[in-house]
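Sequence positions, counted from 1, serve as the residue numbers for this chain. From a predicted model like this one, the values you see are computed outputs, not experimental measurements.
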Amino acid sequence: CMSKNHHPSMDSPEKLKVRRLAILEHPQAQDCTLYRSSDGDLDAEEEELGDARLLLAGPFQAPLDWDEEQRAEYFDDCDPALFCNAYIECAAALGSSGFFQPEVGDLCASTTVDGQVVMYFVHDCSENEQGRLCVLLRDDQQLF
């Protein structure tokens, strides 16, 4: 059983490598590209961070101990069905200049197996023993 104080950043480089490869090489992982908007400038073009792999990990379930107010604040008038859990792992090597970690507010363009592009907003991030778990909000606007 993992203690609540476990921080994957304290894991050995070997453990991190294994964890990254598990996501990068997972047969169900999808190719994606992440984008980040310039701080505070909503009109600026998003900057492309680089390529990553996205492994969907099921729908997001609000913790049972959340009250209505916490749920309303978290989902912010969005359909809770549009939220999902996913692991996102940068394709660039750890420590390289191209390496990044997803952050809240990033945009993720994922390509499904059948070639469709699905856009997600990174709504929340946390670390666990499997990697960087993100809560994504699917953009249900249809792209042309």
Side-chain angles (χ1 to χ4, degrees), residues 2 4-63 66-144:
M2 299 301 266
K4 290 214 184 268
N5 304 355
H6 179 257
H7 289 284
S9 56
M10 292 186 227
D11 284 347
S12 69
E14 209 42 51
K15 222 172 168 181
L16 283 171
K17 196 170 154 188
V18 167
R19 199 178 76 193
R20 276 176 43 79
L21 284 176
I23 294 166
L24 290 171
E25 296 177 351
H26 195 285
Q28 245 109 61
Q30 302 171 4
D31 290 326
C32 66
T33 304
L34 268 77
Y35 302 89
R36 185 167 294 159
S37 57
S38 300
D39 289 334
D41 188 354
L42 298 174
D43 297 324
E45 276 289 303
E46 283 90 10
E47 175 193 347
E48 185 174 318
L49 293 176
D51 293 332
R53 300 276 287 162
L54 169 84
L55 180 59
L56 293 171
F60 172 75
Q61 301 287 326
W66 281 11
D67 61 24
E68 266 322 295
E69 195 175 307
Q70 286 170 300
R71 287 172 192 273
E73 191 177 307
Y74 193 87
F75 293 120
D76 192 30
D77 293 333
C78 296
D79 180 352
L82 296 175
F83 289 78
C84 63
N85 291 315
Y87 291 98
I88 299 177
E89 196 56 66
C90 178
L94 270 173
S96 70
S97 62
F99 183 79
F100 63 88
Q101 285 213 301
E103 292 177 8
V104 171
D106 288 351
L107 275 175
C108 176
S110 171
T111 307
T112 62
V113 180
D114 56 6
Q116 293 189 30
V117 174
V118 180
M119 294 298 293
Y120 296 97
F121 299 98
V122 179
H123 189 69
D124 204 356
C125 292
S126 61
E127 295 282 340
N128 68 22
E129 56 278 356
Q130 272 88 49
R132 190 157 183 88
L133 180 63
C134 299
V135 177
L136 303 180
L137 170 58
R138 190 177 74 236
D139 184 355
D140 59 356
Q141 310 283 312
Q142 285 302 308
L143 299 175
F144 303 100

Worksheet item: When rounded to the nearest 0.5 angstrom, what distance separates SG in C108 from CG in L137?
Response: 12.0 Å

Discussion item. Looking at every heavy atom in both F100 and A52, which two are closest together, and how far apart are they?
Written reply: CZ-CB, 4.1 Å

Which donor-acceptor pairs under 3.5 Å do side chains of residues 54-63 form with protein atoms, sequence neighbours excluded?
none

Worksheet item: How are the rings of F83 and Y74 set to each other: parallel, tilted or perpendicular (split at 30° and 60°)?
Response: tilted

Response to the item:
Taken to the nearest 0.5 Å, the spacing of C78 SG from D140 CG works out to 8.5 Å

Worksheet item: Do NZ/NE/NH1/NH2 and the carboxylate oxygens of E89 and R53 come within less than 4.0 Å?
Response: no

Worksheet item: Checking E25 side chain against A22 main chain: does a donor-acceptor pair fall under 3.5 Å?
Response: no

Fill in: Presence of salt bridge, R19 and E127, under 4.0 angstrom
yes

Discussion item. Surrounding CG of D77 (heavy atoms of other residues, nucleotides or ligands, distance under 6.0 Å), is the total greater than 12?
Written reply: no

Item to complete: Could you pull out the closest heavy-atom pair between C90 and G98, with the gap in Å?
Response: SG-O, 3.8 Å

Worksheet item: Are S110 and Y120 close enough, and set up right, to give a side-chain contact (heavy atoms from CB on, under 4.5 Å), and what steps lead you there?
Response: CA-CA 8 Å; S110 171; Y120 296 97; 4.0 Å; yes

Worksheet item: Is it true that a side-chain atom of R132 and a backbone atom of P102 form a donor plus acceptor pair closer than 3.5 Å?
Response: yes

Discussion item. To check you understand the geometry: which heavy-atom pair defines the closest contact between L136 and A86, and what is its length?
Written reply: CD1-CB, 3.6 Å

Worksheet item: Does any N or O in the side chain of R138 come within less than 3.5 Å of the main-chain N or O of L82, such that one atom is a donor and the other an acceptor?
Response: no

Discussion item. Do E48 and T33 have side chains that approach each other closer than 4.5 Å (heavy atoms only, starting at C-beta)?
Written reply: yes

Discussion item. Just verifying a value: how many Å separate D106 CG and E47 CD, rounded to the nearest 0.5 Å?
Written reply: 10.0 Å

Discussion item. Is it the case that the side chain of T112 and the backbone of Q116 share a donor-acceptor pair, with hydrogens and angles ignored and the cut-off at 3.5 Å?
Written reply: yes

Worksheet item: Measuring from H123:NE2 to N85:CG, what's the distance to the nearest 0.5 Å?
Response: 11.5 Å

Discussion item. Under a 4.0 Å threshold between the charged nitrogen and the carboxylate oxygen, would R36 count as salt-bridged to E103?
Written reply: yes

Discussion item. Can you give me the closest heavy-atom contact between D124 and V104, atom names plus distance?
Written reply: CA-CG2, 3.7 Å

Worksheet entry | Separation between OH of Y87 and CD of Q130, rounded to the nearest 0.5 Å | 4.0 Å

Worksheet item: In Å, rounded to the nearest 0.5 Å, how long is the span from CG of L21 to CG of L16?
Response: 11.0 Å

Worksheet, complete the sentence: Heavy-atom closest pair (A109 atom, Y35 atom, distance to 0.1 Å) is CB-CE1, 4.1 Å

